[in-house]
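Heads up: numbering here begins at 1 and tracks the sequence.
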Amino acid sequence: MIELGNYNKLEIVRDTSVGLFLSSNTGAEILLPNKYVPKEVEIGDQLNVFCYLDHEERPVATTLKPFVRRNHFGFLKVVEVNKIGAFLDWGLEKHLFVPFREQRDKMKEGQWYVVFCYMDERSFRLVASNKLDKFLSNEELALRYGEEVDLMVTRLTDLGWEVIIDNKHKGLVFKNVIFKKIAVGNRMKGFIKNIRPDNKIDVSLEPLGQKVLEPAAAKIYKVLMERGGFLGLHDKSDPKEITRNLEMSKKTFKKGIGTLYKARKIEIRDDGIHALRSE
């Protein structure tokens with residue numbers, strides 16, 4: 001079986017004038033056009049290729065790497081809007097189609113949007129949607145407090161930034177716990193802070209509890225050494241100054257320098273922190 005909209009590991013079975021024909025273990029075949037054929041390959045070799053429909057709606061393989069794949073979210077730019085919908089640049093020759101019915105607001109050429117790529121069962125075509133909530137569910141959660149997760153930022157609300165968790169759940173990072181610049185489309189690590197009775201999920205961008213100590217200490221020490229062994233911050237510094245320099249809260253900073261002090265890696269003076277040893 002060959003899955004359209006995804007990567008497939010296929011065997012080279014025939015070499016023709018138009019390209020290589022690749023086969024799955026079930027015998028299904030697909031063309032890899034000459035322009036995508038790698039050098040020095042032979043019949044019987046296996047290739048990892050992305051498969052989709054070309055401009056003539058024929059299944060085709062490519063060695064190009066798309067910016068999003070089937071059943072995943074991506075951050076893509078609109079390159080055209082016409083009477084049937086919008087078209088996104090997803091790194092392949094044929095653009096990814098977004099029907100008007102799948103646009104939360106009418107998309108504009110040149111703008112970037114978080115979208116979900118899926119197979120439309122009616123047309124058997126790969127399409128995208130930015131009605132994201134349709135593809136997210138918090139009904140069944142196997143997450144736990146402090147767990148590290150993958151995040152994608154989707155939009156800013158009055159409370160904070162909405163995020164996609166592990167490509168399947170919806171979460172929120174409250175404004176008052178964000179200590180670095182983030183924007184729609186950013187991908188980053190996060191940590192489960194709270195799961196509410198209604199299954200809404202609060203997310204932190206910093207490790208929680210004891211886990212915060214070592215990453216914070218490592219980051220502070222790295223910046224300290226990059227600045228010649230001195231950092232003009234201490235436990236009485238303005239929280240905004242700490243956030244500006246280190247992208248962390250004052251509470252996290254204090255824990256971090258406490259760890260470094262106990263490890264005899266820094267000295268805390270009135271003017272800031274000084275490194276006691278170099279690496």
Heavy-atom closest pair (Leu156 atom, Lys175 atom, distance to 0.1 Å) is CD1-CE, 4.0 Å
If Ile, Leu, Val, Met, Phe, Trp and Tyr residues are connected whenever their side-chain heavy atoms lie under 4.5 Å apart, and connections chain through other members, are Val49 and Tyr52 in the same group?
yes
Rounded to the nearest 0.5 Å, what separates atom CZ in Arg14 from atom CD1 in Ile43?
9.5 Å
Check: Asp202 side chain, Lys193 main-chain N or O, donor-acceptor pair, under 3.5 Å
no
Is a side-chain donor or acceptor of Asn8 paired with a backbone partner of Phe50 at a separation under 3.5 angstrom?
no
Nearest 0.5 Å, please: how far is CG in Leu260 from CD1 in Ile266?
5.0 Å
Applying the 4.5 Å side-chain criterion to the ILVMFWY set and letting contacts propagate, would Ile242 and Val223 be lumped into a single cluster?
yes
Is Lys131 atom NZ crowded by more than 12 heavy atoms from other residues, nucleotides or ligands, each under 6.0 Å away?
yes
Pairs involving residues 88-100, ordered by first then second residue, that meet salt bridge (Lys or Arg N to Asp or Glu O under 4.0 Å) (sequence neighbours left out)
Lys35-Glu93, Glu57-Lys94
Can you list everything that forms a side-chain hydrogen bond (donor to acceptor under 3.5 Å, both in side chains) with Glu11? Sequence neighbours excluded, please.
none
Between NZ on residue Lys180 and OG1 on residue Thr243, distance to nearest 0.5 Å
12.0 Å
Any donor and acceptor pair, going by atom type alone, linking the side chain of Thr63 with main-chain N or O of Tyr36 inside 3.5 Å?
yes
Closest heavy-atom pair, Val81 versus Lys108, reported as atoms and distance to 0.1 Å, is CG2-C, 4.3 Å
For residues Phe135 and Leu143: do they belong to one hydrophobic cluster (side chain heavy atoms under 4.5 Å, members Ile, Leu, Val, Met, Phe, Trp, Tyr)?
yes
Does Asp238 offer a backbone N or O that forms a donor-acceptor pair with the side chain of Glu241 under 3.5 Å?
no
May I ask you to establish whether Lys265 and Tyr221 are in a cation-pi arrangement, using a distance under 6.0 Å from NZ or CZ to the six-membered ring centre and at most 45° from the ring axis?
yes
Rounded distance (nearest 0.5 Å) linking atom CZ of Phe191 with atom CG of Leu151
9.0 Å
Which heavy atom of Leu31 sits nearest to which heavy atom of Val60, and what is that distance?
O-CG2, 3.4 Å
Could you walk me through whether Val98 and Met107 pass the side chain to side chain contact (heavy atoms under 4.5 Å, CB included) test, one step at a time?
CA-CA 9 Å; Val98 188; Met107 290 182 165; 4.0 Å; yes
I'd like to know if Arg187 and Asp150 make a salt bridge, using a cut-off of under 4.0 Å between side-chain N and carboxylate O.
no
Exam field: side chain Asn82 to backbone Ile84, donor-acceptor pair closer than 3.5 Å:
yes
So with a 6.0 Å cut-off around NZ of Lys250, is the heavy-atom count from everything else above 12?
yes
If you define the side chain from C-beta out and look only at heavy atoms, does anything of Tyr145 sit under 4.5 Å from Asn194?
no
Could you give me the CA-CA distance, side-chain angles and deciding distance for Arg70 and Asp120, then say whether salt bridge (Lys or Arg N to Asp or Glu O under 4.0 Å) is met?
CA-CA 11 Å; Arg70 183 175 173 180; Asp120 179 32; over 6 Å; no
Interatomic distance, Glu148 atom CD to Asp166 atom CG [nearest 0.5 angstrom]
9.5 Å
Do Leu53 and Leu4 touch side chain to side chain, with heavy atoms closer than 4.5 Å?
yes
Report yes or no: do Leu231 and Met248 belong to one cluster of Ile/Leu/Val/Met/Phe/Trp/Tyr joined by side chain heavy-atom distances under 4.5 Å?
yes
In plain terms, say whether Glu102 and Lys134 are close enough for a salt bridge, that is, a side-chain N and a carboxylate O under 4.0 Å apart.
yes
Heavy atoms, side chains only, cut-off 4.5 Å: are Ile164 and Lys170 in contact?
no
Tell me the closest heavy-atom pair linking Ser24 and Ile2, and the distance in Å.
CB-CG1, 3.9 Å
Donor-acceptor contact below 3.5 Å, side chain Asn6 vs main chain Glu3
no
Taking all non-hydrogen atoms of both residues into account, name the closest pair between Ser129 and Tyr118 and its distance.
CB-CE2, 3.9 Å
Looking only at side chains, do Asn245 and Arg227 share a donor and an acceptor under 3.5 Å apart?
yes
With no hydrogens and no angle check, do the side chains of Ser23 and Glu29 hold a donor and an acceptor under 3.5 Å apart?
no
Would you mind reporting whether Phe230 and Asp271 have side-chain heavy atoms less than 4.5 Å apart?
yes
Taking His95 for the side chain and Phe87 for the main chain, is one N or O donor matched with an acceptor at less than 3.5 Å?
no
Heavy atoms, side chains only, cut-off 4.5 Å: are Asn176 and Ile178 in contact?
no
Walk me through whether Leu47 and Leu32 qualify under side chain to side chain contact (heavy atoms under 4.5 Å, CB included).
CA-CA 10 Å; Leu47 296 177; Leu32 177 67; 3.7 Å; yes
Side chains of Lys189 and Val149 in contact at under 4.5 Å (non-hydrogen atoms)
no
Using every non-hydrogen atom in the two residues, find where Ile268 and His234 come nearest and quote the distance to one decimal.
CG2-CB, 4.4 Å
Neighbour count >12 (heavy atoms, 6.0 Å) for atom CG, Asp198
yes
Any side-chain heavy-atom pair of Ile182 and Leu205 under 4.5 Å:
yes
If hydrophobic clusters are built from ILVMFWY residues whose side chains come within less than 4.5 Å, do Met119 and Met1 share one?
no
For Glu226, does the CD atom have more than 12 heavy-atom neighbours from other residues, nucleotides or ligands under 6.0 Å away?
yes
Out of the candidates Trp112, Phe67, Trp90, only one should pair with Phe75 under the ring pair (Phe, Tyr, Trp, His ring centres under 6.0 Å) rule; please name it.
Trp112
Any chance CD of Gln111 has more than 12 other-residue heavy atoms, nucleotides or ligands included, within less than 6.0 Å?
yes
Determine whether Val203 and Leu172 satisfy the following criterion, side chain to side chain contact (heavy atoms under 4.5 Å, CB included), listing intermediate values before the conclusion.
CA-CA 6 Å; Val203 182; Leu172 181 71; over 6 Å; no
Hey, what do you get for CG (Asn167) to CG (Asn71), rounding to the nearest 0.5 Å?
8.0 Å
Tell me, do Val163 and Thr154 make a side-chain contact under 4.5 Å, heavy atoms counted?
no
Can you list the steps and then say if Leu10 with Cys51 is a side chain to side chain contact (heavy atoms under 4.5 Å, CB included)?
CA-CA 10 Å; Leu10 306 175; Cys51 301; 4.2 Å; yes
Less than 4.0 Å between a side-chain N and a carboxylate O, is that true for Arg155 and Glu162?
yes
